[in-house]
Trainee: 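One structure, pasted below without further comment.
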Amino acid sequence: MADLKALFETVKKRNPNDPEFLQAVEEVFESLQVIQDHKPELLDQGVLERMCEPDRQIMFRVPWVDDNGNVQVNRGYRVQFNNAIGPYKGGLRFHPSVNISIIKFLGFEQVFKNSLTTLPMGGGKGGSDFDPKGKSDGEVMRFCQSFMTELYKYIGPNTDVPAGDIGVGAREIGYMFGQYKKITNEWSGVLTGKGLSYGGSLVRTEATGYGLCYFTQALLENKGTSFEGKTVCISGSGNVAIYAAQKATQLGGKVVTLSDSNGTIYDPNGIDLDTVKDIKEVRRGRIKEYLEKHPQATYMEGERPWSIPCDIALPCATQNELNLDNAKELVKNGVFCVCEGANMPTTPDAIHYLMANGVYYAPGKASNAGGVACSGLEMSQNAEHLSWTAEKVDAMLKEIMVGIFQNCRDTAAEFGHPDEYVIGANIAGFLKVAEAMKAQGCV
Ligand code: NDP
Ligand code: 2IT
């Protein structure tokens with residue numbers, strides 16, 4: 001039988017310099033305490049011990065030549081965490097803050113998330129400390145080619161299928177896909193998030209943000225309400241934030257904030273997304289440029305959105321972007337629902353505070369699973385050499401997200417913690433992986 005406290009001590013000892021990874025593991029252990037107390041046999045055969053140790057961690061040099069002819073060196077990562085239920089699957093993050101702790105926390109959470117989608121995908125994550133900001137297209141291409149020249153050895157359509165995350169969108173996926181194809185002389189669905197002209201899936205661009213709103217809508221409906229007439233604060237202004245804002249607006253909400261790493265815009269009239277898309281998707285500019293077209297809006301330099309009064313908050317930027325002080329301010333201003341679009345954006349003390357104050361809180365591994373779910377649908381389309389319509393993919397995405405909500409709700413209730421979706425998500429995600437691992441023996 002697993003002793004969760006002793007096991008957490010072992011994990012801490014093995015990973016002393018990985019605070020984000022330990023934060024993600026601790027949250028899961030808190031939830032699984034319920035299993036240890038009531039059904040300890042579910043933790044036998046060392047499943048949790050094995051799930052806390054990645055199958056392998058790959059780190060490599062990524063040399064590339066900048067536009068001035070100088071050699072630059074970055075570090076590349078791929079952590080293949082668990083492939084009990086399918087090939088490793090998860091995004092690549094390019095951001096100067098990337099380190100092994102961040103990649104491990106993301107890979108660990110991805111295992112649970114992918115399990116919740118009901119699709120056959122294991123968990124992994126990768127990336128680099130490369131910063132695409134301010135780089136020319138040529139520099140980004142040479143970096144991506146160098147990154148893939150090493151990474152290709154470890155991935156494949158039935159082995160490990162990377163995708164995008166922070167700093168990795170269609171442009172980067174295209175360059176990496178081209179290099180993989182050139183090296184292997186094989187067209188295969190080795191990456192998801194591909195362009196529509198070469199095997200990408202319709203709705204993948206929108207999927208994480210849309211999926212977040214489908215999940216949130218299911219939660220709201222379950223509580224007898226909806227997005228209609230609600231004020232929504234969203235952080236970030238990247239892929240997830242933009243399409244969360246679009247769907248929340250379509251569902252009747254008024255989105256009043258977006259942000260980037262420099263600051264937050266607040267538009268009491270509701271954010272104009274065409275302007276944001278032009279700044280972010282076309283010109284790769286800064287969010288404060290929004291004011292050039294919308295002088296009625298306010299820009300808060302260096303601030304996050306959480307001081308703006310809202311009913312629903314959707315953090316969609318990065319880890320630990322919503323802390324205890326932010327949670328207190330949100331609660332004071334009347335927030336009643338926080339669903340995560342980003343991975344681990346809410347700090348543990350903030351989560352506890354929100355839940356203690358009756359806020360419905362959904363963890364990213366459940367509420368942002370729409371992106372990877374749609375990636376799973378892209379893999380299916382590639383495997384059968386077909387392209388599905390946007391209507392079909394969107395309907396499947398919605399069905400998956402409503403299913404994840406129901407699974408989290410029902411599992412939390414079954415284990416005596418109704419409305420604690422974090423417990424529901426962790427237990428439900430865990431149980432499927434644990435069963436698969438037990439069936440496959442001690443490997
Ligand atoms: P993008 O790179 O498209 O956008 C990221 C956004 O977050 C930008 O507005 C960026 O601002 C901001 N941001 C990033 N890092 C920081 C930071 N350290 N401090 C403040 N702001 C920051 O990424 P995505 O939208 O794809 O990802 C956002 C979140 O969603 C991440 O947590 C990611 O892991 C998660 N996610 C993404 C999925 C996907 O399919 N893309 C799927 C599921 C989860 P700036 O431009 O100034 O850096
Ligand atoms: O965090 C995530 O789920 C992602 N970045 C998407 C991963 C994927 O494989 O589509």
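Read the numbers this way: they start at 1 and go in the same order the structure lists the ligands and their atoms. Predicted model, so just to flag it, every value in this text is computed and none were measured.
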Trainee: Specify the closest pair of heavy atoms between G127 and L92, including all atoms of both residues, with the distance to one decimal.
Mentor: N-CD2, 3.8 Å

Trainee: Could you pull out the closest heavy-atom pair between G376 and M121, with the gap in Å?
Mentor: CA-SD, 3.8 Å

Trainee: Within a reach of under 6.0 Å around NZ of K277, are more than 12 heavy atoms found that belong to other residues, nucleotides or ligands?
Mentor: yes

Trainee: Looking at Y360, Y214, F215, which one forms a ring pair (Phe, Tyr, Trp, His ring centres under 6.0 Å) with F405?
Mentor: F215

Trainee: Give the minimum heavy-atom separation between T257 and P305, together with the two atoms involved.
Mentor: OG1-CB, 3.4 Å

Trainee: Can you list every pair where an N/O of ligand 1 is under 3.5 Å from an N/O on the protein?
Mentor:
residue, atom, partner, partner atom, Å
ligand 1, 2 (O), G167, N, 2.9
ligand 1, 3 (O), N239, N, 2.9
ligand 1, 9 (O), S237, N, 2.9
ligand 1, 9 (O), S237, OG, 3.3
ligand 1, 11 (O), S261, N, 3.4
ligand 1, 25 (O), N239, N, 3.1
ligand 1, 25 (O), V240, N, 2.9
ligand 1, 32 (O), A317, O, 3.4
ligand 1, 32 (O), N343, N, 3.2
ligand 1, 34 (O), R93, NH2, 3.0
ligand 1, 34 (O), D165, OD1, 2.7
ligand 1, 34 (O), D165, OD2, 3.2
ligand 1, 34 (O), N343, ND2, 2.8
ligand 1, 40 (O), R204, NH1, 3.4
ligand 1, 40 (O), R204, NH2, 2.9
ligand 1, 40 (O), T208, OG1, 2.8
ligand 1, 47 (O), S261, N, 2.8
ligand 1, 47 (O), S261, OG, 2.4
ligand 1, 47 (O), R286, NH2, 2.4
ligand 1, 48 (O), K133, NZ, 2.8

Trainee: Test ring-ring contact (aromatic ring centres under 6.0 Å, His included) on F147 and F94 and set out the steps.
Mentor: CA-CA 11 Å; F147 184 84; F94 292 170; 5.3 Å; yes

Trainee: Could you tell me if the side chain of Y421 sits less than 4.5 Å from the side chain of L219, heavy atoms only?
Mentor: yes

Trainee: Run through ligand 2 for me and note each protein residue having a heavy atom under 4.0 Å from it, chain first, then residue number.
Mentor: K89, G90, G91, Q110, K113, K125, A163, G164, D165, R204, N343, G371, V372, S375

Trainee: If you compare all heavy atoms of F227 against all heavy atoms of L251, which two are closest, and at what distance to 0.1 Å?
Mentor: CB-O, 3.4 Å

Trainee: To check you understand the geometry: which heavy-atom pair defines the closest contact between I287 and S259, and what is its length?
Mentor: CG2-C, 4.2 Å

